[in-house]
Number of protein chains: 4
Amino acid sequence: MVQNSNSSSNKPGSARVRRKSEARRLEILRAAARVFRRSGVAAAGMRDIAEEADLSPGNLYYYFAGKDELLFFCQDQTVDRMLEAAEAARASTLPVADQLRAVIRAHLHYTLEELEGATAHLEIDMLAEDLRRPLIEKRDKYEQAVRALIAKGIKRGEFAPCDTALVARAILGALNWASRWYRPDGKQSVSAIAQGLADYLVRGLAGPPKANPNANTAPARAISGGQT
Amino acid sequence: MVQNSNSSSNKPGSARVRRKSEARRLEILRAAARVFRRSGVAAAGMRDIAEEADLSPGNLYYYFAGKDELLFFCQDQTVDRMLEAAEAARASTLPVADQLRAVIRAHLHYTLEELEGATAHLEIDMLAEDLRRPLIEKRDKYEQAVRALIAKGIKRGEFAPCDTALVARAILGALNWASRWYRPDGKQSVSAIAQGLADYLVRGLAGPPKANPNANTAPARAISGGQT
Amino acid sequence: MVQNSNSSSNKPGSARVRRKSEARRLEILRAAARVFRRSGVAAAGMRDIAEEADLSPGNLYYYFAGKDELLFFCQDQTVDRMLEAAEAARASTLPVADQLRAVIRAHLHYTLEELEGATAHLEIDMLAEDLRRPLIEKRDKYEQAVRALIAKGIKRGEFAPCDTALVARAILGALNWASRWYRPDGKQSVSAIAQGLADYLVRGLAGPPKANPNANTAPARAISGGQT
Amino acid sequence: MVQNSNSSSNKPGSARVRRKSEARRLEILRAAARVFRRSGVAAAGMRDIAEEADLSPGNLYYYFAGKDELLFFCQDQTVDRMLEAAEAARASTLPVADQLRAVIRAHLHYTLEELEGATAHLEIDMLAEDLRRPLIEKRDKYEQAVRALIAKGIKRGEFAPCDTALVARAILGALNWASRWYRPDGKQSVSAIAQGLADYLVRGLAGPPKANPNANTAPARAISGGQT
DNA sequence: TATGAATGAGATTTCATTCAT
DNA sequence: TATGAATGAAATCTCATTCAT
């Protein structure tokens with residue numbers, strides 16, 4: 001009389017199966033991120049991604065709703081990781097310079113390394129409003145965190161006064177641009193690059209506090225049009 | 001009115017026509033650059049450019065062979081100007097820090113300002129090999145010039161030793177990224193931005209000459225895969 | 001438990017299995033009909049049908065050869081029932097008006113009610129020739145039966161003379177269109193609707209026998225291009 | 001010195017050109033309507049429409065934004081014409097039976113004849129919300145107009161009491177279904193068909209006022225889910 | 001029997017480019 | 001020189017169907 005065999009094993013998502021499927025999704029995200037990094041988001045075609053992930057173009061849509069969703073997940077994961085790193089830095093008790101160095105290292109790690117979803121981030125313009133908005137918010141939050149870090153360093157006297165908004169953007173630009181020239185088979189490891197950039201970018205903040213008439217240390221305000 | 005009134009004075013060869021034609025080409029280049037900057041190269045359509053230049057899509061092809069050529073001229077002009085600026089700096093007798101500041105200011109000026117051909121530059125990947133190669137060469141030459149400037153500063157004792165390749169790329173990244181967040185109707189003028197970025201980016205080079213074991217001051221070599 | 005316990009009792013040939021399988025087929029047909037009715041044949045996807053029938057898309061193909069076959073069985077059952085109803089009416093001894101009312105009621109019942117296979121019927125165009133032809137034949141036969149009923153009423157003097165082909169199509173159109181506006185959760189029951197439509201549609205046939213010069217009471221001929 | 005040659009003749013729409021383009025749009029609408037009628041809206045492909053209109057698929061998009069827009073214009077024109085006919089009938093001083101006959105004739109004329117945009121109308125479900133809503137409103141308005149006509153006939157004693165909503169739907173169903181069986185090369189002209197249907201459908205309303213317990217002559221209310 | 005995954009054909013749509021005038 | 005119109009290739013996406021297990 002066991003007619004209704006709803007014994008939880010014939011629904012499309014038993015535990016083992018869902019795990020396998022989830023693994024495939026991550027593989028695909030990694031592949032997509034590789035293609036995005038390699039060709040740029042706009043030039044990356046679904047065909048390219050499918051080929052990189054070793055499946056047919058149509059089959060991509062079994063796992064993701066479309067290019068938008070693929071790009072969104074890539075970006076979202078990356079920004080989430082960066083936000084975590086920024087928060088961890090903020091909570092630490094090290095000198096602010098070290099906090100900032102940690103954020104820089106994390107940024108490059110997440111941007112350049114072969115993690116699932118890691119994209120030369122923030123090519124967001126092609127996304128539909130629904131998906132773009134939350135990413136922009138997170139991105140702005142991250143930029144604010146970097147600005148706050150710089151402001152904290154100034155307040156503590158570790159850094160010289162400066163236009164925190166401008167400098168934060170300079171730092172983020174230097175970091176984001178790295179994905180344009182970095183080659184995985186190059187001479188320098190990501191760690192070495194991170195070390196070098198952190199040294200240079202932090203050194204520009206420190207030094208003997210010298211009066212700067214243009215300095216703007218006002219509390220950071222979100223500038224939504226900005227691009228990290 | 002009676003100038004050059006030969007039989008066929010409006011064939012593409014006559015002097016006046018050539019002059020008018022050349023002027024129209026520049027207008028179109030300016031329009032194209034605006035669209036490239038506004039939407040990104042990949043998202044910019046020939047229709048958009050035609051509309052911005054106030055002519056029909058078909059007519060664009062009378063002046064330019066295609067999108068590639070338009071993009072090429074935009075980029076080429078920009079890089080030429082930057083190379084000039086770099087050369088002028090090199091030839092100057094000012095302190096190296098000032099030379100570098102001048103290059104930075106010129107870079108932002110040519111990148112952000114409303115000049116014909118100025119594009120949020122270096123979206124070169126979509127170009128065919130023929131057109132891409134010379135641009136890459138010029139771009140590398142420019143990057144080398146910046147590295148050489150830094151190396152000169154180090155040799156003269158003005159700058160602390162550092163990995164010149166890495167730092168040059170950091171600087172260029174910070175500058176190029178500016179076209180992503182700069183808004184013509186924003187609060188800061190291009191000059192103010194240039195001033196602020198130059199201050200920060202040069203300050204990271206100077207400072208008390210401190211021994212840096214990782215420093216790499218080997219003579220600059222072109223790395224063709226790199227992207228300025 | 002020990003019924004038919006031969007060696008291989010779950011091979012598709014055993015009696016019990018065949019019975020179970022047949023039941024499953026009917027469930028699926030009902031589900032398919034629901035989806036066809038709800039979304040229209042063209043918009044109904046195999047995935048939708050599978051979900052409605054609570055099995056996987058792939059498994060549908062164990063029971064049916066494809067969408068064509070599903071649609072064919074739905075339509076075929078419905079038309080068969082209607083033909084039966086038309087035959088039963090013809091064989092009855094009631095007044096022709098009542099015979100026609102019975103056919104109308106049956107038509108709506110089979111079209112709107114939750115019977116297996118009942119589809120907002122006659123979206124046949126997408127079927128392959130092999131399957132379409134027999135359906136068209138049955139459909140034409142049904143249309144002929146309705147025309148014959150009207151003609152009988154005229155011959156007996158119950159109905160006024162009229163163009164039987166045209167009127168039959170008007171009646172069938174009014175009935176078939178009902179599946180477009182009928183909502184199962186609406187105010188009127190199918191029976192009430194059937195009653196109301198039967199009243200109206202039959203009343204248009206009866207009335208004082210008035211001479212109609214355009215009347216066409218020629219023996220009904222099948223018009224194969226017609227759609228009931 | 002006539003530099004700014006904005007003499008209104010080089011903009012994409014000079015009078016002559018716009019007229020030519022507009023003519024092409026109408027041709028395409030007619031072609032689309034033919035295909036919609038022939039194959040049903042869902043089965044009609046842009047390829048089919050393009051072929052019928054004798055241009056390449058891509059070129060369709062020079063004239064219309066997509067399938068939705070094509071369908072919308074077809075439907076919209078048709079419903080507009082029908083609404084006009086209904087209004088004209090309402091305003092007339094003829095007997096209500098004649099008013100209704102005029103509406104019926106117009107309906108068939110606009111549905112079956114080779115007018116630009118005339119579609120076997122009201123396959124609206126595939127349209128996006130933006131375009132669907134206004135059509136549904138117009139459609140409901142038309143249905144209300146027919147119901148009002150019937151109610152007026154009842155009030156004046158011309159028609160027997162009946163469920164106006166149900167009867168209006170029966171009439172519209174009979175009319176709409178005609179596009180399924182009508183063949184332009186058939187024996188009967190559209191006028192003849194219209195005459196025959198009008199006769200039958202109106203005759204069912206008239207007759208000696210006979211008490212009908214189910215009668216519903218309440219003022220017509222819009223039933224938005226309904227489908228004319 | 002049943003499933004998740006895969007596929008290939010085809011649909012709509014976009015767009016740089018060309019053509020006739 | 002300039003235009004509206006046309007085209008063909010490619011992009012994204014859908015979906016009935018099949019396959020391995």
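Chain letters run A, B, ... following the sequence lines, proteins first, then strands; residues in each count from 1.
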Atom [atom1] of [X] and atom [atom2] of [N]: how far apart are they, to the nearest Å?
X: E51(C); N: dA16(F); atom1: CD; atom2: P; answer: 14 Å
X: N59(A); N: dG8(E); atom1: CG; atom2: C1'; answer: 11 Å
X: D48(C); N: dT17(F); atom1: CG; atom2: P; answer: 14 Å
X: L71(C); N: dA16(F); atom1: CG; atom2: P; answer: 12 Å
X: D54(B); N: dT3(F); atom1: CG; atom2: C1'; answer: 13 Å

Under the 3.5 angstrom rule, does the side chain of R25(C) hit a backbone N or O of Y63(C) as a donor-acceptor pair?
yes
Backbone N or O of I124(D) within a donor-acceptor pair of the R132(D) side chain at under 3.5 Å?
no
Of D68(B) and R24(C), the one whose nearest nucleotide on DNA chain E sits closer to the 5' end is R24(C)
Per [X] side chain, nearest of listed nucleotides [options]:
X: Y62(C); options: dT1(E), dT12(E), dT12(F); result: dT1(E)
X: Y63(B); options: dT1(E), dA6(E), dT1(F); result: dT1(F)
X: M46(B); options: dA11(E), dC13(F), dA16(E); result: dA16(E)

Does CZ belonging to R38(A) count more than 12 external heavy atoms closer than 6.0 Å?
yes
With both distances under 3.5 Å as the test, what is the Watson-Crick or G-U wobble partner of dT21(F)?
dA2(E)
What does [X] touch in the nucleic acid at a heavy-atom separation under 4.0 angstrom: a base, only the sugar-phosphate, or nothing?
X: G58(D); answer: base
X: L55(B); answer: sugar-phosphate
X: A44(A); answer: sugar-phosphate

Under the side chain to side chain donor-acceptor pair (under 3.5 Å) test against E52(A), which residue among R47(A), R34(A), R30(A) passes?
R34(A)
